Each structure stands twice: as structure tokens, then as C-alpha cells.
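Notes follow the structure.
The residues of the chain are indexed from 1 along the displayed sequence. Note that this is a predicted model, so its numbers are computed, not measured.
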Amino acid sequence: MNAHKVATVLSQKLTVLDGGLATSLEDRGHDLSGALWSARMLRDNPAELLAVNLDHANAGAQILSTASYQVSRRGFVANGLTAADADAALVASVGISRGAAEQASSATGRDVLVAASLGPYGAILADGSEYRGDYTISRQELLEFHAERLSVLRGTEPDLLAFETVPSAMEIDVINELLSTDFNGTPAWISCSAQTGDSISDGTSAAHALAAATAEAVLAIGFNCIKPELAQPLLTSISTVRPDLHRIVYSNAGRTWDAINRTWLDEGANHIDASTIEQWHEAGASIIGGCCGLGPAQVRAVARFAATRGNKSV
């Protein structure tokens, strides 16, 4: 982790985050319908992950996410692999994205950061509970779940830790504890899932839930994999929470996740229009990208908007 590089990239009025890795992989013909989602590509086809990271970087992304969202010892074991396989996949995920970031930086002369993606506990259940937060797990078990992955990632030195689609106030509190104690060496963001314009998925007020993100390592709070129309009211709802922090938002394409059949339902666009991106930016978002259904087209749309706001060339 290069603290100066992180500070430089995030000092802009708007930093361009990448789009959904799984979306780009599916667009390249890969079937990701299994419980491990894009994480299985870390074993099956790492070259494709590198190619997708590069596609996003070439579209203008200044932060590349690793393919580790669905990686955990418990999740891998439940799908016939081993705990050692999960640890190896976490390490590999950062190496792949680091390689893409270095290639992109060498080609363009601009800094590109690597964010280690960490899905919530609900993601490994593969039942849609990352959009509900109705966990039947103790706080201690949840703490151990996150600490396992952080222990492995510590040696890989990502630039950022990305705690994504967090649906539960208890999970935010657990993450904050870890970032305040044993794992306070890498800056992080915490982004939540939400089904309404003022609450995270478990029904807790967004402002109340994210006010718990007090660790010094936390540099951004916000929302991801939400419907686009929820972004502005959600950002507004946390406008007075930790005003020293960046706000991050990366919605999905507006579709609904069918956890039983493991597919997205309804229609959606492949990028968010400039007027909506402007609304998000004016509501406080300084890091914007795309989640499920939004790939390089979304990255290009955000990069174009960022260029008009006086940023350095992206």
C-alpha cells in the first residue's frame, strides 16, 4: 500500500471506480451462475480476470477491484474446495489486479489503485441475504469470518480494502472493530446494500448504521449494488455522518437479484446517464463506479463526467 498514491488519487473532485467484474466476465461469455460467482475464475481462468481489470482501467478506472468478493474458507469448503484454496485465491486476486494496475499505469502515466474486495457474510450463503442482512450468526462468529480473510490479505498489500454490499448494522460494527484494532494498517471503505432511500438492508437507518464507522482506517462510506434511483436519497441521508470521509456509490443496473435461480431480473441500462451521475456527485459522492450490470460503459461514462469537473486527465 502506497499512502501517497492513495492520497493523490482520492484528492480529486471525483475518483473513477471500476465496474462489475462479474458483468464483464459474463459479457465475455463466462457462466458465473455457481455459488462462487466470479471467484471461481481465480482458479479456472485468471487471465480473463486480468483482461477484465485491464478493460476497466482502459475505460478510465482509477481503482480496480479484486475478484475476491465471494472468497472465504467457509464458502470454498461448502463448494468442494479447501480452506487453503480460499487463502490462495485471496492472494492471487490481489496479484492479478496489481498486475493490471501496473500495466495501466505504465501505459497511461496515471496512478491506478487496487482495492481488495470483501463481500459480507451473506454473500457466501448464496441465498440473497446480502440484500437482507437477516443473519443467524453470532457477533463473534461474524468477527472471526472477517478476521480470517483480513489475516490473509495483510501480506498482499492492497492499496485499499473494500467492504461491499454490507447489509447489517452488526456487520458494520464488527468491521469497524477490526479496522480499529488488528487490521488498521490499510485504508478501507464500507459500502452498504439498501432497499429504501434511508435505510440499509436490515432496516437500520443508514445514518445510524454508518455513524458506527469510526475507525481511523475508514476513508469512505456509502452504498453499492443498490438501484440507481436510491443513490441520491441515500447519500443525502448520510450527509451529516462523518463529513470528513469520502462518499462512495456504485449502483447496479436497476435489476432485481433472484437468489434462487441466481440471475438478474428485469431490464437495465449498461451505464448511468451523466445527469444522474451529476446528481450523485452533488449529493456528496466523490468516488463513483458501477456494480452488477454496469461494466466498462459505466466506467467510461463516469470518466467523461469526471473530466468535465476539472479533474486531472482520466
Please answer whether the main-chain N or O of Leu21 pairs with a side-chain N or O of Ser24 as donor and acceptor at a distance below 3.5 Å. no
Rounded to the nearest 0.5 angstrom, the CG-OG distance for Leu142 and Ser168 is 6.5 Å
Check: Are Val249 and Leu234 side-chain neighbours, meaning at least one heavy-atom pair lies under 4.5 Å?
Finding: no
Is any side-chain heavy atom of Leu150 closer than 4.5 Å to one of Thr186?
no
When every non-hydrogen atom of Pro167 is compared with those of Ser129, the smallest separation belongs to CG-O, 3.8 Å
Counting only N and O atoms by type, is there a donor-acceptor contact under 3.5 Å from the side chain of Ser93 to the main-chain atoms of Leu90?
-> yes
In this structure, CD of Glu48 is separated from CD1 of Ile96 (nearest 0.5 Å) by 11.0 Å
Minimal heavy-atom distance between Ala89 and Leu42, with the atoms involved, is O-CD1, 3.6 Å
Practice prompt. Go through Phe145 and Ser72 one step at a time and tell me if the side-chain contact (heavy atoms from CB on, under 4.5 Å) criterion holds.
Written response: CA-CA 8 Å; Phe145 166 76; Ser72 71; 3.6 Å; yes
Among side-chain atoms of Ser65 and Asp18, is any donor-acceptor pair under 3.5 angstrom?
yes
> Are Val91 and Leu161 co-members of a hydrophobic cluster defined by side-chain heavy atoms under 4.5 Å apart?
Replying inline: yes
Separation between CG (Leu81) and CG (Leu36), nearest 0.5 Å, reads 6.5 Å
### Query
Judged by atom type as modelled, is there a donor-acceptor pair below 3.5 Å linking the side chain of Asn176 to the main-chain atoms of Thr214?
yes
For Arg98 and Glu157, indicate whether the former's side chain and the latter's backbone hold a donor-acceptor pair under 3.5 Å.
-> yes
Q.
If you apply the rule salt bridge (Lys or Arg N to Asp or Glu O under 4.0 Å), what do you find for Arg28 with Asp55, and how did you get there?
A. CA-CA 11 Å; Arg28 294 170 71 93; Asp55 284 347; 3.2 Å; yes
In terms of heavy-atom contacts, Val77 and Ala83 come closest through CG2-N, 3.8 Å
| Side-chain donor-acceptor pair present, Asp111, Ser105, cut-off under 3.5 Å | no
Rounded to the nearest 0.5 Å, the CD1 atom of Ile288 sits from the OG1 atom of Thr15 at a distance of 9.5 Å
Stepwise side-chain contact (heavy atoms from CB on, under 4.5 Å) test for Asn252 and Leu294: CA-CA 6 Å; Asn252 58 39; Leu294 300 176; 5.8 Å; no
Taking side chain as C-beta onward, heavy atoms only, is Gln195 less than 4.5 Å from Tyr131? yes
Tyr69 and Thr165: side-chain donor and acceptor closer than 3.5 Å? yes
Between Thr66 and Ala116 the two heavy atoms that sit nearest each other are OG1-CA, 3.4 Å
query = Short question: side chain of Thr308, backbone of Phe305 - any donor-acceptor pair under 3.5 Å?
reply = yes
query = Within a reach of under 6.0 Å around NE2 of His208, are more than 12 heavy atoms found that belong to other residues, nucleotides or ligands?
reply = no
TODO: Taking the side chain as every heavy atom from C-beta outward, state whether Val218 and Trp189 have any pair of such atoms under 4.5 Å apart.
DONE: no
Side chain to side chain contact (heavy atoms under 4.5 Å, CB included) with Leu210: of Ser237, Cys192, Ser205, only one passes, and it is Cys192
- Any salt bridge between Asp127 and Arg132, counting N to O under 4.0 Å? yes
Worksheet item: Asn53 side chain to Ala100 main-chain N or O, any donor-acceptor pair under 3.5 Å?
Response: no
Exercise for the section: Go through Ser138 and Glu141 one step at a time and tell me if the side chain to side chain donor-acceptor pair (under 3.5 Å) criterion holds. Expected result: CA-CA 5 Å; Ser138 71; Glu141 289 173 311; 3.2 Å; yes
Do Leu50 and Gln103 touch side chain to side chain, with heavy atoms closer than 4.5 Å? yes
Next on the checklist: Do Val52 and Met41 make a side-chain contact, defined as non-hydrogen atoms from C-beta onward lying under 4.5 Å apart?
Outcome noted: no
Shortest non-hydrogen pair, Ile272 vs Ser251, comes out as CD1-OG, 4.0 Å
CG (Leu230) and OG (Ser199) are apart, to the nearest 0.5 Å, by 10.5 Å
*Using a 4.5 Å cut-off on heavy atoms from C-beta on, say whether the side chain of Leu179 contacts that of Asn184.*
no
Check: Gln62 and Leu17 side chains under 4.5 Å, non-hydrogen atoms: no
Worksheet item: With no hydrogens and no angle check, is any side-chain donor or acceptor of Glu130 less than 3.5 Å from a backbone partner on Tyr121?
Response: no
**Asked** Is Arg139 salt-bridged to Glu177, cutoff N-O under 4.0 Å?
**Response** yes
To the nearest 0.5 Å, atom OG of Ser201 lies from atom CG of Asp134 at 10.0 Å
Q. Just by distance, do the side chain of Arg247 and the backbone of Trp280 share a donor-acceptor pair under 3.5 Å?
A. no
(message) Check whether Asp182 reaches the backbone of Leu178 with its side chain - one donor and one acceptor, N or O, closer than 3.5 Å.
(response) no
*asked:* I'd like to know whether Lys5 forms a side-chain contact (heavy atoms from CB on, under 4.5 Å) with Leu113, so could you lay out the CA-CA distance, the side-chain angles of the two residues, the decisive distance to 0.1 Å, and finally the verdict.
replied: CA-CA 8 Å; Lys5 184 168 69 172; Leu113 306 179; 3.7 Å; yes
Between Ser117 and Glu164, a side-chain donor and acceptor under 3.5 Å | yes
- Task: I would like to know whether Val166 and Ile200 meet side-chain contact (heavy atoms from CB on, under 4.5 Å); could you show each step before the answer?
- Result: CA-CA 8 Å; Val166 181; Ile200 65 171; over 6 Å; no
message = Any donor-acceptor pair under 3.5 Å linking the side-chain atoms of Ser191 with those of Tyr250?
response = yes
Asp173 (side chain) donor-acceptor with Ala169 (main chain) under 3.5 angstrom: no
For residues Tyr135 and Glu171, is any side-chain donor paired with an opposing acceptor at under 3.5 Å?
-> yes
Around atom CZ of Arg242, are there more than 12 heavy atoms from other residues, nucleotides or ligands closer than 6.0 Å? yes
Q. Does a side-chain N-to-carboxylate-O contact under 4.0 Å join Arg73 and Asp85?
A. no
When every non-hydrogen atom of Asp159 is compared with those of Pro187, the smallest separation belongs to O-CG, 3.4 Å
